[in-house]
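Here's the structure, in structure tokens; my notes come after.
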Amino acid sequence: MIRSMTGFGRGSASVNGLDLWAEVKTVNNRYLKTSLRLPELLSPREMAMETAIRAVLKRGSVYMRVWIGGQQGEVVKDYRV
């Protein structure tokens, strides 16, 4: 099994007429450091997301950003690192 701390992933989903996009980048680090960029709509879930990340990873730097778009594909908020 590969145990690298460096990686990149991108995903998307549609929920209740909204389009969601997420990108996650991880790099090597001695300690666990997280950086989440979320739209206001998801701000109440930030601690739950960080807890989920910490349950799986023990070290490394994790950068995550999320966008939410409307039904016509327009971006409601664009949070970039």
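In what follows, every heavy atom counts, from backbone to side chain, and hydrogens, waters and symmetry copies are set aside.
Taken from CG in Leu41 to CD1 in Ile68, the straight-line distance is 4.5 Å, to the nearest 0.5 Å. One finds the OH atom of Tyr63 at 4.0 Å from the NZ atom of Lys33 (value rounded to the nearest 0.5 Å). Interatomic distance, Thr6 OG1 to Lys25 NZ, rounded to the nearest 0.5 Å: 10.0 Å. In this structure, the separation between CZ on Arg37 and CD on Glu23 is 13.5 Å, given to the nearest 0.5 Å. Taking OG of Ser12 as the reference point, atom CG of Leu20 lies at 9.0 Å (rounded to 0.5 Å). Between the CG atom in Leu32 and the CD atom in Glu50 there is a gap of 8.0 Å [rounded to 0.5 Å].
Contact check for Arg45 versus Leu38: no side-chain heavy atoms found under the 4.5 Å cut-off. Contact of the Thr34 side chain with the Leu57 side chain is not registered, since no non-hydrogen atoms from C-beta on lie closer than 4.5 Å.
Listed here is the closest heavy atom pair of Val66 and Pro39: O-CD, 3.5 Å.
Residues passing the side chain to side chain donor-acceptor pair (under 3.5 Å) test with Arg59, sequence neighbours excluded: none. Take Glu46 and apply the salt bridge (charged side-chain N to carboxylate O under 4.0 Å, His left out) test, not counting sequence neighbours, and it matches no residue. Not counting sequence neighbours, Arg30 has no partner by the salt bridge (charged side-chain N to carboxylate O under 4.0 Å, His left out) test.
No chain of hydrophobic side-chain contacts below 4.5 Å, direct or via other Ile, Leu, Val, Met, Phe, Trp or Tyr residues, connects Phe8 to Val27. Follow the hydrophobic side-chain contacts under 4.5 Å out from Met49 and you reach Val56 in the same cluster.
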